[in-house]
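Data first, discussion second: the structure below is written as structure tokens.
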Amino acid sequence: MSQFLNEVRRRRTFAIISHPDAGKTTLTEKLLLFSGAIQIAGSVKARKASRHATSDWMEIEKQRGISVASSVMQMLYREHVINLLDTPGHKDFSEDTYRVLTAVDSALMVIDAANGVEAQTRRLIEVCRQRDTPIITFVNKMDREVRDPLDILDEVERELGMPCVPMTWPVGQGKSFGGIINLRTQAMTVFESGSERRPQDFETLPLSEQSQLAERFANDWASAMDSMELATGASPAFDKEAFLAGRQTPVFFGSGVNNFGVMEVLDALVDLAPSPRPRLSHLVVNKQVQEKTIKPQDEGFSGVVFKVQANMDANHRDRIAFVRVASGQYKPGMKLKVQRTAKELRPTSVVTFLSQRREAVDEAYAGDIIGFTTHGGVQLGDTITDGANLQFTGLPFFAPELFMTVILKNPLRTKQLQQGLDQLGEEGAIQVFKPEAGGAMLLGAVGQLQFEVVQHRLKAEYDCDVRLESCQYTGARWITADSAAELREFTNAYPQRMALDAANTLAYLCTSPYDVRLAQERFPKIHFHPLREHAGLALSSAG
């Protein structure tokens with residue numbers, strides 16, 4: 001048992017979040033590089049080079065130079081198993097990011113030192129705050145012309161609604177960027193540009209050598225000491241309990257592209273970030289739903305599917321269900337059950353990830369992310385256990401704000417289109433609605449780029465050329481009622497507005513915000529939900 005507990009304690013599972021172009025994917029590459037997981041970091045910008053970022057594998061990502069799907073990487077550093085989830089920065093893929101945030105124990109927030117906290121980061125912060133997710137902050141691109149570090153801290157504090165605790169502090173910026181002072185080790189690491197450098201290649205000077213540092217870095221040293229004094233004087237001391245409760249954030253400065261300041265972040269993930277945390281589940285006992293906290297050290301295996309990705313391997317048309325292990329230990333050959341359907345899960349293989357590279361799993365513990373290769377039967381939000389009858393909650397689906405009708409150019413490809421939409425809908429790449437009254441399928445998205453990606457993937461992966469046309473719908477609300485008779489009366493009143501989503505949950509399609517209000521007035525016992533959790537087990541209140 002002590003071996004098992006030790007394995008759980010040495011796990012760290014975190015997501016890396018930011019606004020597009022803050023340098024998130026580059027930092028991900030460098031973390032992998034420094035932990036020894038990869039030999040060469042691929043810059044995201046150098047798209048003409050033969051090397052693409054390890055964490056971007058989809059064809060469209062390589063063409064556009066953006067991450068459009070979250071990816072999972074596992075690495076070993078200082079005897080700790082670190083599961084890193086890279087998320088898409090683009091706002092059009094925020095749903096994927098929100099779901100990833102339900103599978104992690106902490107977040108690493110990357111901020112562009114010139115731009116500060118940007119719109120997309122704000123939305124992600126909100127999700128982290130709702131879940132009290134501990135956040136480590138990395139202020140990137142200090143080798144550029146950037147804002148004053150005190151200004152950045154002030155803005156981060158305002159946006160996060162929690163105090164910042166500087167762990168490193170920059171000396172100079174832009175062309176005169178001299179390096180960072182590490183407040184934990186009381187030493188200064190001297191900056192040199194170049195993407196090939198390793199942590200051991202940087203010169204380190206102890207702060208006790210004040211006169212040498214003052215002489216070497218002149219005015220930059222003096223102003224850095226002044227601003228650092230102000231920052232540390234105005235900040236509370238680092239309090240691990242407050243950080244773990246999401247009430248303060250440790251802040252690091254550096255330049256990801258130059259491998260600078262990255263090691264300090266990697267060390268902080270091991271030293272400060274939490275090991276796996278308990279998760280809330282619903283347990284069905286005598287047809288009654290009861291809440292139960294599942295602890296990572298509980299013996300029974302349980303996990304939740306937070307992402308499904310189709311066709312990662314174009315040759316095999318496989319589907320991978322990404323499962324966050326919540327408790328227990330996974331071993332090959334275990335008998336597993338999908339709780340939603342009560343069916344046995346028989347994966348063809350179970351793997352861990354380094355982006356595209358996969359390795360067969362010999363064992364996995366709470367906190368790990370493992371991939372079950374299946375040919376269907378698993379949906380986003382499914383709970384998988386080795387027997388216990390429980391259901392994890394909290395995986396969000398947002399009502400789409402944009403809709404398109406799917407028109408197939410070649411009617412002979414109807415079967416392939418159906419398969420493609422089923423799989424992409426299950427995957428959560430887009431929301432697919434099937435109108436109850438018949439007619440063309442509808443796609444619902446949170447952002448416009450989702451439509452382009454789905455159109456591209458239907459052609460590349462399912463050989464379906466489709467045209468997407470605008471339609472009259474501007475929103476959807478999932479509906480529930482207190483009784484079947486009330487629901488039937490409502491669906492009979494609005495037959496043209498009813499549609500089923502990928503999880504067979506009934507939705508009401510609207511053409512304007514007034515539609516919902518009018519329908520609500522006419523049918524006060526119908527509940528309209530702008531958000532649904534998995535499998536209809538819990539729907540949020542009307543809105």
Side-chain angles (χ1 to χ4, degrees), residues 16-28 30 89 106-126 128-129 133-184 188-189 191 193 217 219-238 242-243 246-265 268-269 272:
I16 187 162
I17 60 173
S18 80
H19 194 80
D21 287 334
K24 180 171 55 64
T25 304
T26 303
L27 182 63
T28 301
K30 299 309 167 85
S106 58
L108 172 59
M109 176 170 74
V110 185
I111 288 175
D112 181 325
N115 300 326
V117 179
E118 297 171 87
Q120 179 58 10
T121 317
R122 246 174 237 123
R123 292 181 72 177
L124 298 170
I125 287 168
E126 279 169 32
C128 290
R129 293 307 313 270
T133 305
I135 298 171
I136 294 173
T137 302
F138 180 69
V139 181
N140 195 17
K141 305 188 182 180
M142 288 307 297
D143 56 319
R144 312 254 182 105
E145 292 309 315
V146 296
R147 287 163 49 182
D148 183 273
L150 285 170
D151 274 0
I152 292 169
L153 282 199
D154 189 46
E155 185 178 18
V156 172
E157 289 201 346
R158 272 200 322 275
E159 295 289 349
L160 278 176
M162 68 171 98
C164 292
V165 182
M167 292 289 189
T168 63
W169 195 257
V171 177
Q173 53 151 277
K175 288 193 172 64
S176 68
F177 181 45
I180 53 170
I181 296 166
N182 188 329
L183 293 156
R184 293 171 78 199
M188 177 176 170
T189 306
F191 175 72
S193 70
F217 298 103
N219 289 343
D220 285 333
W221 175 258
S223 63
M225 292 310 282
D226 287 347
S227 61
M228 184 172 88
E229 223 166 273
L230 278 171
T232 52
S235 307
F238 178 71
F243 161 64
R247 291 199 306 272
Q248 61 169 233
T249 178
V251 181
F252 296 81
F253 292 84
S255 164
V257 76
N258 289 297
N259 299 1
F260 192 76
V262 176
M263 207 64 188
E264 289 76 359
V265 172
L269 284 163
L272 311 179

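All values reported here derive from a predicted model rather than from experimental measurement.
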*asked:* Restricting to non-hydrogen atoms, name the atom on Asn258 and the atom on Ser255 that form the minimum distance, rounded to 0.1 Å.
replied: ND2-OG, 2.9 Å

*Can you check whether Val139 reaches Val156 side chain to side chain, under 4.5 Å on heavy atoms?*
no

_So which atom in Ala107 and which in Thr133 form the shortest heavy-atom distance, rounded to 0.1 Å?_
N-CG2, 3.9 Å

_I need the minimum non-hydrogen distance between Cys164 and Leu153, along with the two atoms involved._
SG-O, 3.7 Å

*Identify which one of Ile125, Ile16, Ile136 satisfies the side-chain contact (heavy atoms from CB on, under 4.5 Å) criterion when paired with Met109.*
Ile125

_For Val110 versus Ala22, what's the shortest heavy-atom pair and its separation?_
CG1-O, 3.6 Å

_Treating Asn140 as the side-chain partner and Gly256 as the backbone partner, does any N or O pair qualify as donor plus acceptor under 3.5 Å?_
yes

*What is the minimum heavy-atom distance between Arg147 and Gln173, and which atoms define it?*
O-NE2, 4.1 Å

*Counting distance only, does the side-chain N/O of Gln248 pair as donor-acceptor with the main-chain N or O of Ala242 below 3.5 Å?*
no

*asked:* Please give me the minimum heavy-atom distance between Met228 and Leu183, naming the atom from each residue.
replied: SD-CD2, 3.7 Å

*Show your working on side-chain contact (heavy atoms from CB on, under 4.5 Å) between Ile17 and Cys128 and close with a plain yes or no.*
CA-CA 10 Å; Ile17 60 173; Cys128 290; 4.0 Å; yes

*Take atom CD in Glu145; do more than 12 heavy atoms of anything else shown fall under 6.0 Å from it?*
yes

*Without swapping roles, check the side chain of Thr249 against the backbone of Ile135 for a donor-acceptor pair under 3.5 Å.*
yes

*Give the C-alpha distance, both sets of side-chain angles, the deciding distance and a yes or no for side-chain contact (heavy atoms from CB on, under 4.5 Å) between Leu108 and Leu27.*
CA-CA 10 Å; Leu108 172 59; Leu27 182 63; 3.9 Å; yes

*ring pair (Phe, Tyr, Trp, His ring centres under 6.0 Å): which pairs involve residues 151-179, sequence neighbours left out?*
Trp169-Phe253, Phe177-Phe191, Phe177-Phe260

*asked:* Looking at Arg184 and Met167, would you say the former's side chain and the latter's main chain have a donor-acceptor pair under 3.5 Å?
replied: no

*Begin with the C-alpha distance, continue with both residues' side-chain angles, and end with the deciding distance and a verdict on side-chain contact (heavy atoms from CB on, under 4.5 Å) for Glu155 and Ile111.*
CA-CA 11 Å; Glu155 185 178 18; Ile111 288 175; over 6 Å; no

*Are Asp112 and Arg144 close enough, and set up right, to give a side-chain contact (heavy atoms from CB on, under 4.5 Å), and what steps lead you there?*
CA-CA 10 Å; Asp112 181 325; Arg144 312 254 182 105; 5.6 Å; no

*Counting distance only, does the side-chain N/O of Thr168 pair as donor-acceptor with the main-chain N or O of Phe252 below 3.5 Å?*
no

*asked:* To the closest 0.5 Å, what do you measure between OG (Ser106) and CG (Leu269)?
replied: 6.5 Å

